[in-house]
Enquirer: 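So that we are looking at the same thing, I have put the structure below in structure tokens.
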Amino acid sequence: MTTPVLSVAGVDKTFTMHLQGGQRLPVLTRLAFEVRAGECVALGGASGAGKSSILKMVFGNYAADHGSIVVRGPSGAVDVAAASPREVLAARRATMGYVSQFLHCVPRVAALQIVAEPLIERGVSADEARERAAALLTRLAIPERLWSLPPATFSGGEQQRVNIARGFITELPLLLLDEPTASLDARNRDVVTGLIREKLARGTAILGIFHDAAVRGVVADRVVDVELFAAATVAAA
Amino acid sequence: MNDAQPLLEVRGVGHAYGDHRASRWGCRDVDLDLWPGEVLAVVGESGSGKTTLLGALSQRLRLTEGSVRYRLADGTVVDLAELSEAAVRRLWRTEWGFVHQNPADGLRMHVSAGGNVGEPLMAIGWRHYGRVRAAAAEWLERVEIPVDRIDDAPVTFSGGMRQRLQIARNLVVSPRLVFMDEPTSGLDVSVQARLLDLIRSLVTDLGLAVIIVTHDLGVARLISHRTVVMKDGQVIESGLTDRVLDDPQAAYTQLLVSSVLQG
Amino acid sequence: MSAPLGGYNIGYLDEQTKRMIRRALLKAVAIPGFQVPFASREVPMPRGWGTGGVQVTASIIGEDDVLKVIDQGADDTTNAVSIRSFFTAVAGVRTTTRTDAATIIQTRHRIPETPLAAGQTIVYQVPGPEPLRFLEPRETETRRLHALADYGLMYVKLYEDIARYGHIATTYDYPVMVNGRYLMAPSPIPSFDNPKMHRSPALQLFGAGREKRIYAVPPYTDVESLGFEDHPFEPQRFSAPCAICGSAGVYLDEVITDDKGGSMFVCSDTDHCERTASGVTGATLADTGTIDTEEVTA
């Protein structure tokens with residue numbers, strides 16, 4: 001059995017709302033699962049179970065209270081739960097990509113530039129990066145007339161497709177997807193499904209949340225039921 | 001250059017105002033590291049100690065407690081408090097920059113734009129007028145100031161343009177570390193946006209390490225890798241910027257984040 | 001040599017004051033170009049009339065000295081005459097108008113055309129000793145700049161001149177670098193005279209009475225006028241010779257000769273002119289047409 005690209009073990013997560021009298025909201029207890037290269041694991045469970053929080057903890061965007069989240073990339077293994085900010089940034093650069101549910105972009109930057117940036121940051125020439133970005137945007141049916149515009153004025157679906165392009169343009173060992181097809185029509189959904197399967201064929205490990213059962217059925221190798229790791233609700237502190 | 005060593009090591013730094021009987025700590029017990037190419041935001045409200053911290057780190061205020069160690073371009077690590085005044089001046093001329101909140105504090109208001117940007121070059125020994133002028137023109141272009149204003153003095157510039165000139169003057173000698181004190185406060189919103197975009201791209205292009213003091217979380221999110229939150233002179237929380245702003249752990253950080261006006 | 005005036009110490013200043021000034025002079029000579037503060041005394045002329053020069057001369061003058069005093073190159077202008085009489089009265093020294101016969105030359109705003117020799121001392125009257133003052137008004141800051149040899153600011157001034165006028169616009173009190181270390185104000189001598197300071201065999205002393213500073217350039221010291229590689233220092237040039245004595249390559253004054261705008265250009269250095277004149281009457285401007293005072297090389 002190959003070493004997993006992502007190993008989550010013993011992870012707890014509780015939100016403490018200091019502005020609401022210190023009320024604690026436990027979400028996850030002793031979460032554990034693995035994802036291997038070329039494998040797609042879907043996170044399942046009801047809304048509010050903590051699926052998005054899991055993706056964000058893996059990416060280092062949320063803090064884990066306990067446990068370990070080990071990602072293995074070209075430069076070695078990093079426990080994101082315990083790593084310093086620099087190590088997390090290095091892991092994001094070399095090992096994992098994240099496609100959020102909503103596009104959070106730097107304002108006033110053109111869509112083409114937004115998609116090309118992850119490549120430029122990793123040393124690809126600006127021209128080549130923009131070419132590859134153009135190809136991906138075309139595949140995702142973003143018309144060329146929109147490439148030079150900042151996505152803030154795009155429709156929800158267009159923004160999501162720019163988001164996907166940005167997340168898919170690099171080749172990283174681990175890809176985190178949060179509802180990638182949520183705002184898309186059937187045609188674009190199929191395009192994204194195709195992109196996911198190509199990534200998997202190239203050996204990328206994928207951890208994702210797929211609300212659409214049909215998409216999940218096509219891409220996911222297995223489902224981890226997050227509700228199995230639900231924490232019992234504790235009375236307000 | 002060895003990127004495994006931090007550029008700046010700050011340990012237990014504190015600065016107290018006033019004498020020992022009636023002193024008030026501006027900041028206390030601050031520990032942090034800064035690496036080359038990293039942007040660190042120090043956020044907090046008025047009186048949080050963020051400006052005092054900036055002053056202590058940039059040697060404008062003397063440390064009451066603690067130490068600041070800096071790694072020079074040649075790799076040697078020095079304790080800043082032990083440097084002679086001449087050595088500190090040399091640092092300011094070659095390796096450090098400081099962008100003031102009010103651009104008039106960081107410019108010679110009655111010297112031409114070209115002279116302002118050329119001065120750091122002449123201070124380090126450039127003696128060819130044509131080359132100084134060409135370098136100044138190149139930097140004016142880079143900060144989007146029309147090159148035909150090269151002979152105009154900043155008294156004739158708008159606030160945003162003055163600030164961009166101040167940035168050019170600081171970056172012309174390719175410093176390794178730049179301190180910024182609320183560089184966008186006091187500017188119109190659209191001007192702020194343009195300035196932040198400029199800072200962001202310059203930082204990436206030049207691999208600058210930056211410590212930026214701001215009360216605006218949006219500024220921190222836009223340009224910094226890490227954020228330190230201060231209140232009453234103490235560090236309340238620190239970490240990856242998106243983690244601190246999206247999953248704030250401390251009560252005060254949660255208050256700050258929730259207080260941001262949503263457009 | 002006449003007997004000095006009774007009731008005054010030789011040279012007017014008391015001996016303790018002279019010793020204080022000599023100590024300052026020794027420091028100044030030891031650190032070429034560095035401004036040494038001194039306790040400037042009252043002398044019988046107001047500030048702004050050469051009190052610094054007078055105090056320096058008074059501290060070094062002895063009964064065997066021969067004194068020449070010039071003002072803008074002339075021995076016979078009011079101030080030169082006045083100071084010369086002063087020292088005749090209080091020091092009883094011999095005086096001369098001949099540069100080569102003097103042991104001490106006190107000067108306001110010129111260096112004589114006749115090259116100085118070893119053993120001579122030239123004392124400059126200085127209004128403003130700080131070359132950076134007009135750019136940096138704070139004394140605390142200029143002292144620090146000198147201590148750290150932080151002279152970029154001076155080059156900003158030269159840069160501004162070239163940007164504004166196409167050339168360095170300073171024509172007098174042109175800043176110099178002394179012994180490769182200190183930036184110095186040579187006093188308002190025309191930039192034409194600056195090259196004479198470089199490796200002069202004479203001792204050059206500078207006194208600023210109102211500003212209370214003394215500085216010095218010992219013999220054979222490097223004195224370099226500032227400039228850029230592509231805009232180097234250029235002393236003024238005159239295209240025509242003196243109308244009286246015919247000397248070329250000397251600093252000329254314009255003298256108005258009549259009410260119709262007629263003028264002539266003559267040596268500023270009266271001693272040099274007298275001795276070179278060979279009886280040829282000078283042509284006036286009305287006769288010979290325009291004479292350029294500046295010739296800038298390409």
Side-chain angles (χ1 to χ4, degrees), chain B residues 59-60 83-97 105-137 139-140 145 147-156 165 168-170 172-173 175, chain C residues 31 34 130-170 174-178 180-183 191 194 222-234 296-298:
Chain B
Q59 300 297 293
R60 279 145 197 264
L83 286 184
S84 67
E85 192 179 339
V88 173
R89 282 232 171 180
R90 208 175 317 124
L91 267 185
W92 281 111
R93 255 187 272 169
T94 54
E95 297 197 27
W96 284 8
D105 293 337
L107 291 172
R108 297 200 187 273
M109 294 302 284
H110 296 277
V111 168
S112 72
N116 266 288
V117 179
E119 183 179 350
L121 296 173
M122 293 187 274
I124 59 170
W126 284 41
R127 293 288 176 260
H128 191 283
Y129 171 81
R131 283 199 277 268
V132 169
R133 192 178 171 84
W139 267 99
L140 287 182
I145 293 178
V147 179
D148 62 5
R149 311 258 354 230
I150 190 172
D151 294 323
D152 294 342
V155 274
T156 63
L165 183 64
R169 178 177 158 97
N170 271 282
V172 69
V173 291
Chain C
I31 314 171
F34 171 74
E130 178 49 68
L132 296 167
R133 180 62 63 227
F134 64 102
L135 279 168
E136 175 50 72
R138 296 168 290 182
E139 171 70 13
T140 48
E141 188 57 23
T142 49
R143 280 199 203 191
R144 203 167 274 136
L145 293 176
H146 283 295
L148 301 172
D150 201 343
Y151 293 134
L153 196 48
M154 195 69 239
Y155 284 93
V156 173
K157 197 296 179 167
L158 301 180
Y159 172 98
E160 291 291 280
D161 276 0
I162 299 170
R164 205 172 293 149
Y165 309 117
H167 57 92
I168 296 171
T170 309
Y174 193 101
V176 294
M177 187 66 76
V178 177
R181 174 57 181 90
Y182 279 98
L183 185 70
S191 63
N194 273 25
D222 286 342
V223 177
E224 195 196 311
S225 300
L226 296 190
F228 286 99
E229 288 163 15
D230 52 340
H231 283 83
F233 166 70
E234 286 285 353
V296 181
T297 52

Enquirer: Identify whether the distance between the nearest side-chain nitrogen and carboxylate oxygen of Arg89(B) and Glu141(C) falls below 4.0 Å.
Expert: yes
Enquirer: Is it the backbone or the side chain of Leu158(C) that comes under 4.5 Å from a heavy atom of chain B, or both, or neither?
Expert: neither
Enquirer: For a 4.5 angstrom cut-off between non-hydrogen side-chain atoms, does Ile162(C) reach Arg133(B)?
Expert: no
Enquirer: Among Gly118(B), Gly114(B), Ala123(B), Gly130(B), which has the most heavy-atom pairs under 4.5 Å with chain C?
Expert: Gly114(B)
Enquirer: Where on Tyr151(C) is there a heavy atom nearer than 4.5 Å to chain B: the side chain, the backbone, both, or neither?
Expert: neither
Enquirer: Taking the side chain as C-beta and beyond, is there a heavy-atom pair between Met122(B) and Phe228(C) under 4.5 Å?
Expert: yes
Enquirer: Please name the pair of heavy atoms, one in Glu160(C) and one in Ser112(B), separated by the smallest distance, quoted to 0.1 Å.
Expert: OE2-OG, 2.5 Å
Enquirer: Does Glu136(C) CD have over 12 foreign heavy atoms under 6.0 Å away?
Expert: yes
Enquirer: Could you tell me which of His128(B), Glu119(B), Arg90(B), Arg131(B) has the largest number of non-hydrogen atom pairs under 4.5 Å with chain C?
Expert: His128(B)
Enquirer: Counting only heavy atoms not in Phe134(C), do more than 12 sit closer than 6.0 Å to its CZ atom?
Expert: yes
Enquirer: Are Leu226(C) and Arg127(B) packed together at the side-chain level, in the sense that at least one heavy-atom pair is separated by less than 4.5 angstrom?
Expert: no
